[in-house]
Structures are given as C-alpha cells and as structure tokens.
Amino acid sequence: MSKSDKLSTDPYKGVRDFYPEDQAMLNRLFSVLRMVCERVGYVEYGASVLEPAELYKSKNAENEEIINEQTYTFTDRGDREVTLRPEMTPTVARMVAAKRREFGYPLRLYSIPNFFRYERPQRGRLREFWQLNVDIFGSRSLAADTEIISVAYGVMRALGGSESDFVIKVGSRPAMNEVAQRAGLSPEATKKFFALLDRRAKMPTTEFEQNLQALGVPMAAVSPDEVPADIAEMLEQFRAGGVGNIVYDPSIVRGFAYYTGIVFEVFDLHPQNNRAVGGGGRYDNLTALFDDEPMPGVGFAMGDEPLRLFMDARGLIPPYTPPTQVYVALAAPELLPEATTLVQELRQAGVCVAQDFGERKLGDQIKAASKHKIPHLIVVGQDELTAGAFAVRDLTTGEEEHVGRAELAAYFLTRTI
RNA sequence: GUGGCCGUAGCUCAAUGGUAGAGUCCUGGUUUGUGGUACCAGUUGUUGUGGGUUCGAAUCCCAUCGGCCACCCCA
C-alpha cells in the first residue's frame, strides 16, 4: 500500500496535539493559574466554545472585518450562524448580564478556556489556544485595578519568574484621550494617534517623533514622566509592597477594544520572546449589549503558549512525571492472576499502579515502564510471591529496596510525587 | 491577508545538477527472571505533494500543502 493512500498524522493547521507529556505540562500550568486566582478569591466558570455569531458581530461595526476574516464561523443544520469563540469577554458579559441580580459584587471570576482564531500561525500565535481570563465586575474602585494587576503579577511569580524576567506596563486610555482632545484631534486622527502609540517600540525614536509632530501632538504629552494621578497612586502602592517591575507607559493603549480606563500589558523580557504574554484593562459597561444598566469592571487575559515560552526560555518547566507511581511486571505470563491480586491491594490503598499483562519478555516490560517514565518497578515472580517480599526498583537510579508485601502500599504513599 | 526562509529515515541533520548518508531511535543477538552504559548484525526513505526543465533533479522552475520569521492583527 503506498503512503499517499494514507491520511497524514499531522494535526490540523495551527493547532496542537497534546501527548501525555504536553498535557501534563498544560495541566500543571493551569493548576498554578487556578491556585493564584483562587487565593485572591476568584472563582472559576466555563462555557461552550460555540456561540451565536451575532454575539461578536453586533459589538460594533469597527471590528466587522476581524470577525469576518479571523473567526471560524459556519451555519449549522438548523440554519443558525455559529462562531467558535475567539475571545471570552462577550461570553462572560452575557453570563454576568443574565444573572446580574443574583450575583454579589464585586464579582470575581476566572476561566481557562480554549479559543479559535483563523489566523496565520507563527511562534506564540496559533489557531487554537488557551487563555487565562480574570475579571472583576461591579467595582469602580482603583483598588480593583490594582488587584487585577497584582493577580497578573502573581501569575508570573508563581510560574517561577523573577522581577527581572518581566515587566508590567500600565497605560491610561482617559489620559491619552485627553491628550488627543487637547491637540484637537478628530476621531480618525485619534485612532491614528493610538495606533502610533501602539507601534512606538517598533520604530526609531526620530520616526515616532516625526509622526507625532505630523498629528500635532506635543512630545511632552506622551512622556513616561507625565504619570496620570490614579496610576501614580497605584504604582506607589506596588512600590510600598516591594514590587518594582510595574511601570507607567503612555504607549500602552491596547487596540480598539472596550477599554475606558487603565490598560496594561505583561511583557516577557527574554530576548528570544520579545512579546506580551497578556494584557487587560478597565471597561465602563461590558454588558451594554444585553441591558441598560451599567456594569463596570476590569480584567485581563494571558495565553498558554506565551506563558509556556516564558517558562521554557528560563528552564522553569518541570520534568515530566506520570501520575503512575508503580509498574508491575511479570516474570512469567501464568503469574497474571497472582499479580492482579497484588495490584488490586495497592490500588485499594490509593497507589496508582499500571500492570503488565506478561505478553512480552521481562526486559521489554521494564523498558516499557522506563519509556513511560514510571518511577518504580516491581517484578512479580514465583520467588517473590513465596517470600512475600518484593524488590522495588527506582527506575531512574536503578537502585532496589526489598519491601514486604504488607508494607508495599505505605512505601509508595510516603513517596509523594 | 502581504513578503521572506525552510521541508531529506520515527527524531536531529549531511549530501555544491551525476549511485541518498551520519548520529540517535527501532529490531534481533551477546543475556529464555531484569531497562537505561558496552559489543555484533539489520531495516531506516515515493527527499512534503503534484507538475515542468534536463541525458540525468533532494538540488533548478511553477503550483500546492505544512513549518518558521517579519508585516498585518493582537478581540
């Protein structure tokens, strides 16, 4: 049979397969994210990846192109237009609007959902990805902004990053709106102004100054030294708390989104990863699509792949270990019933055990356990069964320890993974 | 969506238009109750795919698929 008759084993363009080691890495990352959020009182929610297409289309005309060209949208068998969610904000806004009278406020929510975007893939940008989404609803307090940023900071630290590994740049939409207003910029010119600010780091200073001048905005207005009062207060709090890598940066404006207050981005400072790992900001009324009562809030998102690259560049990804603690191999196939009894004893006691069925030579059984990176091995043979004791081998060191059958479970349970 | 670089054994990569190779992995043996180190032997393959140029293509050209990079975008 020729090769071309067969299907490719590659995953779909821009998406990843998660083999056990990859899935374990993702799970460990998620568990750190959950821990950080829950420690600050955020609770987890979830929703379907399928949303009615109109949820994104109706937001505003400005992003129509993005929705049309960069989402997965299709018509279902019932003639409904469906979109695979490209972001979480409309979904969480819908959920909050639906239960707004039942919730207590401030409402702290987080989620780690997957998203789909029809984009050209490259490093750190895929067609399916996961994102931590953290939001606090129903508060206008600066303390909420501060808390949200401190959660983002906490994530980076909990993953093993030190302050020299990343920086959080905080900008202000109102401050830049005021600059635009003072310069008498039209709505179109304001848009250009924001786009210019956004690209500031990608161009030489002189080019930036020229473009700024062309718009009629004075350089001093976008100086990092002109810190807006609320951000100055926030930064002072962080400094008092011993946090030194959160700074004001007037060029942070974050695209066209619904932001109306502070905005911020978390940057990976590794030369290999010159990119933002996440960002967010404050919005005045996220539920405007669903009702007329204002719902202020502040939130941020962080992508799984940028976080993984952040950790990888610094050796912060721990080596893989499977949940399986012990592999039970058979010296002879006819010992399977005896081995099964032993395995069940161990499982009953709470040990995670994988059992070989004795189809292959003992050496191959051990090789398989080793390939699976299972830390311990027991060989069940007639000698061991008669003696009532087993040699427990550490497959990483090759060292063996003799343990009586009655003590086996306790032996493994005291060796926590 | 635009432009550039790339695609060779399961993996990492050689081979400058002239017989497709190395390391690793894998399989068997040294060793029929013991893996990861050692020694011996063996398979690594439609050079991403489809066309074209040529006496001859992994190599040059076109298309297509996929990866990477920059732009765009970054909800």
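Chain identifiers are assigned alphabetically (A, B, ...) following the order of the sequence lines, protein sequences preceding nucleic acid strands; residue numbering begins at 1 within each chain. Treat the numbers as computed from the prediction; the structure is a model and nothing was measured.
Heavy-atom distances under 4.0 Å link RNA chain B to A:Lys361, A:Leu362, A:Gly363, A:Ile366, A:Lys367, A:Ser370, A:Lys371 of residues 358-372 of chain A, given in residue order.
When heavy atoms are screened at a 4.0 angstrom cut-off, A:Gly279 is found touching no nucleic acid atom at all. Using a 4.0 Å heavy-atom cutoff across all strands shown, A:Ser8 reaches no nucleic acid atom at all. Within the nucleic acid shown, A:Arg199 comes within 4.0 Å of sugar-phosphate atoms alone, with no base atom in reach, counting heavy atoms only. At the heavy-atom level, A:Glu384 lies under 4.0 Å from base atoms of the strands shown. A:Leu377 comes within 4.0 angstrom of nothing in the nucleic acid, heavy atoms only.
Comparing A:Met88 and A:Tyr12, the nucleotide of RNA chain B nearest to each residue sits closer to the 5' end for A:Tyr12. Along RNA chain B, the nucleotide closest to A:Tyr118 and the one closest to A:Asp394 are compared, and the more 5′ of them pairs with A:Tyr118.
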Under 3.5 Å, sequence neighbours excluded: what are the donor-acceptor pairs made by side chains of residues 198-217 of chain A?
residue: A:Arg200; atom: NH1; partner: A:Val222; partner atom: O; Å: 3.1
residue: A:Asn211; atom: ND2; partner: A:Glu207; partner atom: O; Å: 3.0

Donor-acceptor contacts, no H, no angles, side chain residues 130-142 of chain A, under 3.5 Å, sequence neighbours left out:
residue: A:Asp135; atom: OD1; partner: A:Tyr283; partner atom: OH; Å: 2.7
residue: A:Ser139; atom: OG; partner: A:Ser141; partner atom: N; Å: 3.1
residue: A:Ser141; atom: OG; partner: A:Ala143; partner atom: N; Å: 2.9

Quick one: side chains of residues 339-347 of chain A, donor-acceptor pairs under 3.5 Å with protein atoms, not counting sequence neighbours, listed by atom name and distance.
residue: A:Thr340; atom: OG1; partner: A:Leu336; partner atom: O; Å: 2.7
residue: A:Thr340; atom: OG1; partner: A:Gln355; partner atom: NE2; Å: 3.0
residue: A:Thr341; atom: OG1; partner: A:Pro337; partner atom: O; Å: 3.1
residue: A:Glu345; atom: OE1; partner: A:Arg405; partner atom: NE; Å: 3.2
residue: A:Glu345; atom: OE2; partner: A:Arg405; partner atom: NE; Å: 3.4
residue: A:Glu345; atom: OE2; partner: A:Arg405; partner atom: NH2; Å: 2.9
residue: A:Arg347; atom: NE; partner: A:Val353; partner atom: O; Å: 3.3
residue: A:Arg347; atom: NH2; partner: A:Val353; partner atom: O; Å: 3.0

Using residues 366-375 of chain A as the side-chain source, report each donor-acceptor pair under 3.5 Å to any protein atom, sequence neighbours left out, with the distance given to one decimal.
residue: A:His372; atom: ND1; partner: A:Ala368; partner atom: O; Å: 3.1
residue: A:Lys373; atom: NZ; partner: A:Glu21; partner atom: OE2; Å: 3.0

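The side chain of A:Tyr258 lies closest to B:A75, out of B:C68, B:A75, B:C74. Comparing atom distances between the A:Lys13 side chain and each of B:G66, B:G33, B:A70 picks out B:G66 as nearest.
Checking A:Arg16, A:Arg123, A:Arg125 one by one against A:Glu305, the salt bridge (Lys or Arg N to Asp or Glu O under 4.0 Å) holds for a single residue, A:Arg16.
The P atoms of B:C11 and B:G48 are separated by 13 Å, rounded to the nearest whole Å. Comparing B:U30 with B:C68, their C1' atoms sit 46 Å apart, to the nearest whole Å.
For the pair A:Met311 and A:Leu29, the minimum side-chain heavy-atom distance is below 4.5 Å. Using a 4.5 Å cut-off on side-chain heavy atoms (C-beta onward), A:Val379 and A:Leu330 make no contact. Proximity of A:Leu316 to A:Phe310: side-chain heavy atoms (C-beta onward) are separated by under 4.5 Å at one or more points. Taking the side chain as every heavy atom from C-beta outward, A:Pro86 and A:Phe115 never approach each other to under 4.5 Å.
Side chain A:Arg117 to base B:A75: a donor-acceptor pair is found below 3.5 Å. Between the side chain of A:Arg125 and the base of B:C72, a donor-acceptor pair under 3.5 Å is found. Side-chain atoms of A:Arg120 and base atoms of B:G67 include no donor and acceptor less than 3.5 Å apart.
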- Note on the structure: Its dot-bracket string being built from Watson-Crick and G-U pairs below 3.5 Å, with | for another strand and [ ] for crossing, RNA chain B has the pattern (((((((..((((....[..)))).(((((.......))))).....(((((..]....))))))))))))....
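Taking side-chain N and O atoms only, A:Gln70 has no distance below 4.0 Å to OP1 or OP2 of B:C74.
Judged by distance alone, with hydrogens and angles left aside, the side-chain atoms of A:Arg157 form no donor-acceptor pair with the main-chain N or O of A:Tyr153 at under 3.5 Å.
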